There are 2 protein chains.
Amino acid sequence: MRQVRTIRYREIADELRRRVEGGEFSAGRLLPSEAELSGAYSASRVTVRKALEALRAEGLVDARQGFGWFVAGETVRQPLARLATIEAQLEGSGRRSERRILDFGFVRAPARVRRVLGVDKVLQVRRVNLADGDPFARVTVWCPEALGAELSRAQVQQRSFYDLLPVTLGGAVQTIGAAAADERDAVLLEIPVGSPVLVCERITSELGGGAILMAEYVFPGHRTEFIVDLPHPEASIAPSGLRLVE
Amino acid sequence: MRQVRTIRYREIADELRRRVEGGEFSAGRLLPSEAELSGAYSASRVTVRKALEALRAEGLVDARQGFGWFVAGETVRQPLARLATIEAQLEGSGRRSERRILDFGFVRAPARVRRVLGVDKVLQVRRVNLADGDPFARVTVWCPEALGAELSRAQVQQRSFYDLLPVTLGGAVQTIGAAAADERDAVLLEIPVGSPVLVCERITSELGGGAILMAEYVFPGHRTEFIVDLPHPEASIAPSGLRLVE
DNA sequence: CGTGCGCACTTGTCTCATAGTTGTATCATT
DNA sequence: AATGATACAACTATGAGACAAGTGCGCACG
């Protein structure tokens, strides 16, 4: 029988795959550093890295420079309890968050936006939100021209509308639905055309006033989910909840 | 013993979340100052702040400059506390609701259900919910064999599990995601294969205990959407003057 | 008695420093 | 070609500290 020449980095990759899939490193926890693994498996860092990169190619793990290796593929879970920006929630869960502005301009509002905000001309900003470098949401925000007149493209890229607007926010109503990705969103979110997406619409009101901000969010279905904490399920019919659309 | 790599600020965030949710700091009451927490956890103010900001992103706490950190309060919990059974909501909106049981039996639980409920054998009920005669949800419910042993097929057809189970329900956690309809669900819901659906998973716990009921809901995307009312924490914060940290 | 001012304390936001991590080379060895 | 050894750059989490800005409170002063 011929001696099979084992390739060390594949052995290590198999071993690590076993450990990761076995749940040894739960979500959020880091894998041992390359240096530690190097010691544990008596292999050089080069070899350990090759193994880890093989697993990254499979989508099992991922790494950030200066941070470490971690189990990948956990969906972004958005707690749906309070009025917060997605960016804040991402930062809070330790992810890197950026925005890429697609377009920025003052336009005549689409019919529905006109009806909700009660104005004709609006600032419309389309952008893509990235989580750890991957596209994670396509967002369109509309705000009345009067309020948005002071805003610049650079400002909108760096901070959220919630931070920028010079008003006190009163609350919001958000709807969550499912749809199929159209071609434009599919390209932006790097998913196949027709794959399921979560579509949300959020109408934010001024404290004690009417609607001042309207936004549409499109999340890829495989990466995102909302999570709702229900302290007392026996309470009955609510203003919020599931709604049948005609 | 191998050293587990952790991220300090996440540890502190978890610990603080535990303390806040455990009711150690009642609503409106101040948390210890960043300096105190820094000393208590032997971490720098930077790290403590990162933890607190993570909790703020979740909406659990908030802060005001020169004042302190405080629990964001019960006031916001109520509106969301009422996502009751789907049937109750339908009845409330004046629609006729029925259930059609697809199958009813005691089986070995799927892996995930086993992990959540912590039991091996379960009662599994699959059904379709109808609104005004049209299918609008495919539901699968799992409950531990011990609890479901007394239930009959006729019973689950007529009443909801919430009504039937002889325990006091404590709360639930529900996730909402998007997916594509597989063939089986497509037939049941009378929609094309691959069309977008809302997929929800609800884990209900016994009062003061662990998970006792797990359910999966599949709604056709074109007919259903969730609507959520999001109050703003700032609006409900008690004004200054309340300063009660031992 | 009331009012303004300062003091102590808080969060918000910087800077600088350090240790540990991944990313990416180069060169030698088997 | 796979592996080992090494070096360095870029990045991250964390620590320590300084300062600005906001808040609450009590005290001196009018």
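Bear in mind that the values here come from a model prediction, so they are computed numbers and not experimental data. Reminder, nothing fancy here: chain letters follow the sequence lines and each chain counts from 1.
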Does a nitrogen or oxygen in the side chain of A:Ser33 sit under 4.0 Å from OP1 or OP2 of C:dG20? no
Between CZ of B:Phe70 and P of C:dT10 the distance, given in whole Å, is 16 Å
With a 4.0 Å cutoff (strictly under), does any side-chain N or O of B:Arg45 reach OP1 or OP2 of D:dG17? no
Anything under 30° is parallel, anything over 60° is perpendicular, the rest tilted; go ahead and classify B:Phe219 against B:Tyr217. parallel
Nearest-Å distance, CG (A:Leu30) to C1' (C:dG20)? 12 Å
I need the CD1-P distance between B:Ile7 and C:dT21, as an integer number of Å. 12 Å
Rounded to whole Å, please give me the gap between CD in A:Gln65 and C1' in D:dC11. 5 Å
Quick one: A:Arg64 CZ to C:dT22 C1', roughly how many Å, whole number? 11 Å
Within this structure, what is the CD-to-P distance between B:Glu34 and D:dA18, rounded to whole angstrom? 17 Å
Can you find a side chain N or O atom of A:Trp69 that sits less than 4.0 Å from OP1 or OP2 on C:dT22? yes
Is A:Arg223 reaching over with its side chain to a backbone N or O of A:Pro135, donor-acceptor style, under 3.5 angstrom? yes
Between CZ of A:Arg49 and P of D:dA7 the distance, given in whole Å, is 18 Å
State whether the side chain of B:Arg114 and the backbone N or O of B:Ala109 hold a donor-acceptor pair below 3.5 Å, judged by distance alone. yes
Taking any heavy-atom pair under 4.0 Å as a contact, classify A:Arg10: base, sugar-phosphate, or nothing. nothing
Are a donor atom and an acceptor atom from the side chains of B:Glu34 and B:Trp69 found within less than 3.5 Å of each other? yes
Walking DNA chain D from its 5' end, the first of A:Lys50 and A:Val46 to be reached, judged by nearest nucleotide, is A:Lys50
Please determine, for the side chain of A:Glu36, which listed nucleotide (C:dT21, D:dT12, C:dT22) has the closest atom? C:dT21
Please tell me which of the listed nucleotides, C:dG23, C:dG12, D:dA13, lies nearest to the side chain of A:Arg56? C:dG23
So, is the end of the B:Lys50 side chain (NZ or CZ) under 6.0 Å from the ring centre of B:Tyr9 and within 45° of the ring's axis? yes
Under 4.0 Å: is that the gap between some side-chain N or O of A:Thr47 and OP1 or OP2 of D:dG4? yes
What integer distance in Å separates A:Tyr41:OH from D:dT3:C1'? 18 Å
